[in-house]
Amino acid sequence: MPQVTLPGEPPVSVLLRRSKRARRLSLRVSQLDGRVTLTLPTYANESEAVEFVHAKADWIRSHLARRPDDQIVGIGSRLPVEGVERLIVPSANRRVALTPTELHAPAESTNRRVRAFLVELARDRLVDASDRYADRLGRGYSSITLRDTRSRWGSCSDQGRLMFSWRLVMAPPDILTYVAAHEVAHLKEMNHSARFWDEVARLYGPCDHQRRWLRENAGQLHKYQF
């Protein structure tokens with residue numbers, strides 16, 4: 001993919017993406033990984049894109065500055081689990097254990113072992129929530145897969161396969177259960193029509209707070225590096 005580089009310290013790479021649907025130049029700074037993308041119509045020339053990027057240099061750098069710094073997970077660091085920040089401390093054995101205020105983890109391969117623990121905890125919580133909402137909906141799903149996705153918190157295929165980001169287990173429990181209800185609702189409505197949102201409301205209830213939380217905190221959940 002072609003790109004434009006803004007000079008300075010540090011230099012910033014801006015990816016250029018052409019779209020048949022684009023009617024104007026549009027900049028986006030990802031709060032997940034800091035990627036900067038300029039979407040432009042297919043008929044726009046590259047020199048116009050370069051000029052636009054340089055004109056928006058201050059805007060780009062100000063948005064990058066708002067992105068949370070990455071944090072390496074290890075002994076002594078803090079990590080949210082089910083919405084509660086826990087201090088990671090050495091454990092007496094090779095197991096990872098959760099307490100109300102701490103996460104006990106082996107000093108060796110801490111990040112890998114904590115990640116594995118979070119994935120299994122997420123699977124337990126998401127299977128439980130998905131089963132509950134699928135029963136309420138009266139439709140079953142075919143499988144549940146957990147991934148470390150960057151662009152979405154969950155998905156539902158037309159074959160009934162549910163996919164979720166395991167990082168949801170770091171969010172407050174109501175956020176995780178809302179996403180489960182959202183994806184289960186797609187088993188009946190494979191769209192985001194008014195009927196779909198009616199189904200989400202029937203399964204879960206009001207969800208404006210949960211949707212807003214996800215929009216505002218995505219970068220926070222993805223800053224932790226395992």
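What you see below is based on every heavy atom in this structure, not just the backbone, and it leaves out hydrogens, waters and symmetry mates. Counting begins at 1 with the first residue of the sequence.
Of all heavy-atom pairs between L187 and G160, the closest is CD2-CA, 3.8 Å. Closest non-hydrogen pair, A105 versus V114, comes out as CB-CG2, 3.8 Å. Of all heavy-atom pairs between N191 and S193, the closest is OD1-OG, 2.7 Å. Nearest heavy-atom pair, I75 versus P106, reported as atom, atom and distance to 0.1 Å: CD1-O, 4.2 Å. When every heavy atom of T39 is checked against every heavy atom of A22, the shortest pair comes out as CG2-CB, 4.0 Å. Taking every heavy atom of both residues into account, P206 and Q210 meet most closely at O-OE1, 3.6 Å.
No donor-acceptor pair closer than 3.5 Å links the side chain of R35 to the backbone N or O of S13. Judged by distance alone, the side chain of N217 and the main-chain N or O of W213 form a donor-acceptor pair under 3.5 Å. The backbone N or O of H209 lies less than 3.5 Å from no partner atom in the side chain of R211, so there is not a single donor-acceptor pair. Side-chain N or O atoms of R23 include one that pairs as donor or acceptor with a backbone N or O of K20 at under 3.5 Å. Although no hydrogens or angles enter the test, the distance criterion places a donor-acceptor pair under 3.5 Å between the side chain of R18 and the main chain of T42. At distances below 3.5 Å, not a single donor-acceptor pair connects side-chain atoms of S109 with backbone N or O atoms of R112. Checking side-chain atoms of R136 against main-chain N and O of L203 turns up a donor-acceptor pair under 3.5 Å. No donor-acceptor pair closer than 3.5 Å links the side chain of S130 to the backbone N or O of V127. No donor-acceptor pair under 3.5 Å is formed between the side chain of R115 and the backbone N or O of F226.
Applying the 6.0 Å contact sphere to CZ of R147 captures no more than 12 heavy atoms from other residues, nucleotides or ligands. In the displayed structure, Q225 atom CD is contacted under 6.0 Å by more than 12 heavy atoms of other residues, nucleotides or ligands. In this structure, N45 places its CG atom where more than 12 heavy-atom neighbours from other residues, nucleotides or ligands lie under 6.0 Å away. Other residues, nucleotides and ligands contribute more than 12 heavy atoms inside 6.0 Å of the CD atom of E85.
Applying the side-chain contact (heavy atoms from CB on, under 4.5 Å) test between L118 and each of V96, L79, L98, L168 identifies L79 as the sole match.
Between Y224 and D70, the side chains place no donor N or O within less than 3.5 Å of an acceptor N or O (distance only, hydrogens not considered).
Salt bridge R132/D128: present, at least one basic N to carboxylate O contact under 4.0 Å. R195 has a carboxylate O that lies under 4.0 Å from a charged side-chain N of E189, or vice versa, which qualifies the two as a salt bridge. Residues E108 and R113 are not paired through a salt bridge, judged by the lack of any N-O separation under 4.0 Å between the basic side chain and the carboxylate.
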Pair R152-S165, side-chain contact (heavy atoms from CB on, under 4.5 Å): steps then yes or no: CA-CA 8 Å; R152 57 177 62 185; S165 167; over 6 Å; no
Going through the distances and angles, do W59 and V29 end up as a side-chain contact (heavy atoms from CB on, under 4.5 Å)? CA-CA 10 Å; W59 183 91; V29 178; 3.9 Å; yes
May I have the step-by-step check of ring pair (Phe, Tyr, Trp, His ring centres under 6.0 Å) for W153 and H222, ending in yes or no? CA-CA 11 Å; W153 295 109; H222 283 90; 5.2 Å; yes
Evaluate the criterion side-chain contact (heavy atoms from CB on, under 4.5 Å) for residue pair V81 and M170; output intermediate values, then yes/no. CA-CA 4 Å; V81 182; M170 293 191 282; 5.6 Å; no
Test side-chain contact (heavy atoms from CB on, under 4.5 Å) on L40 and S19; report intermediate values, then the result. CA-CA 6 Å; L40 58 158; S19 169; over 6 Å; no
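Looking at heavy atoms from C-beta onward, H54 lies in side-chain contact with P7 at the 4.5 angstrom threshold. Counting heavy atoms from C-beta on, the side chains of L162 and S155 never come closer than 4.5 Å. Counting heavy atoms from C-beta outward, N93 and H104 have side chains that stay 4.5 Å or more apart. The shortest side-chain heavy-atom distance between K188 and R139 falls under the 4.5 Å cut-off. Side chains of P41 and L25 form a contact here, defined as non-hydrogen atoms less than 4.5 Å apart. The side-chain heavy atoms of V14 and Q3, taken from C-beta on, include no pair separated by under 4.5 Å. Looking at R61 and V12, their side chains come closer than 4.5 Å, going by heavy atoms from C-beta outward. For the pair L38 and S26, the minimum side-chain heavy-atom distance is 4.5 Å or more.
If you take CG on L126 and CD on E183, they are separated by 10.5 Å, rounding to the nearest 0.5 Å. Here the straight-line distance linking atom SG of C207 with atom CG of D174 works out to 11.0 Å at 0.5 Å rounding. Taken from CG in L221 to CG in L214, the straight-line distance is 8.0 Å, to the nearest 0.5 Å. Here S77 contributes atom OG and L87 contributes atom CG; the two are 7.5 Å apart, rounded to the nearest 0.5 Å. To the nearest 0.5 angstrom, I88 atom CD1 is 5.5 Å from L103 atom CG. The CG atom of L146 sits 10.5 Å away from atom CG of D148, with the distance rounded to the nearest 0.5 Å.
M163 and I144 are assigned to two separate hydrophobic clusters, defined by single-linkage of ILVMFWY side chains at heavy-atom distances under 4.5 Å. Connection of V179 to W197 is established within a shared hydrophobic cluster, with ILVMFWY side chains joined at heavy-atom distances below 4.5 Å, either directly or through further cluster members.
Ring geometry, F196 versus H186: the interplanar angle falls under 30°, so the pair is classed parallel (tilted spans 30 to 60°).
Legend: residues meeting ring-ring contact (aromatic ring centres under 6.0 Å, His included) with Y178, ordered by chain and number and at least two apart, are H182, Y204. Considering only residues two or more places apart in sequence or on other chains, R161 meets the side-chain contact (heavy atoms from CB on, under 4.5 Å) condition with S142, S143, S157, Q159.
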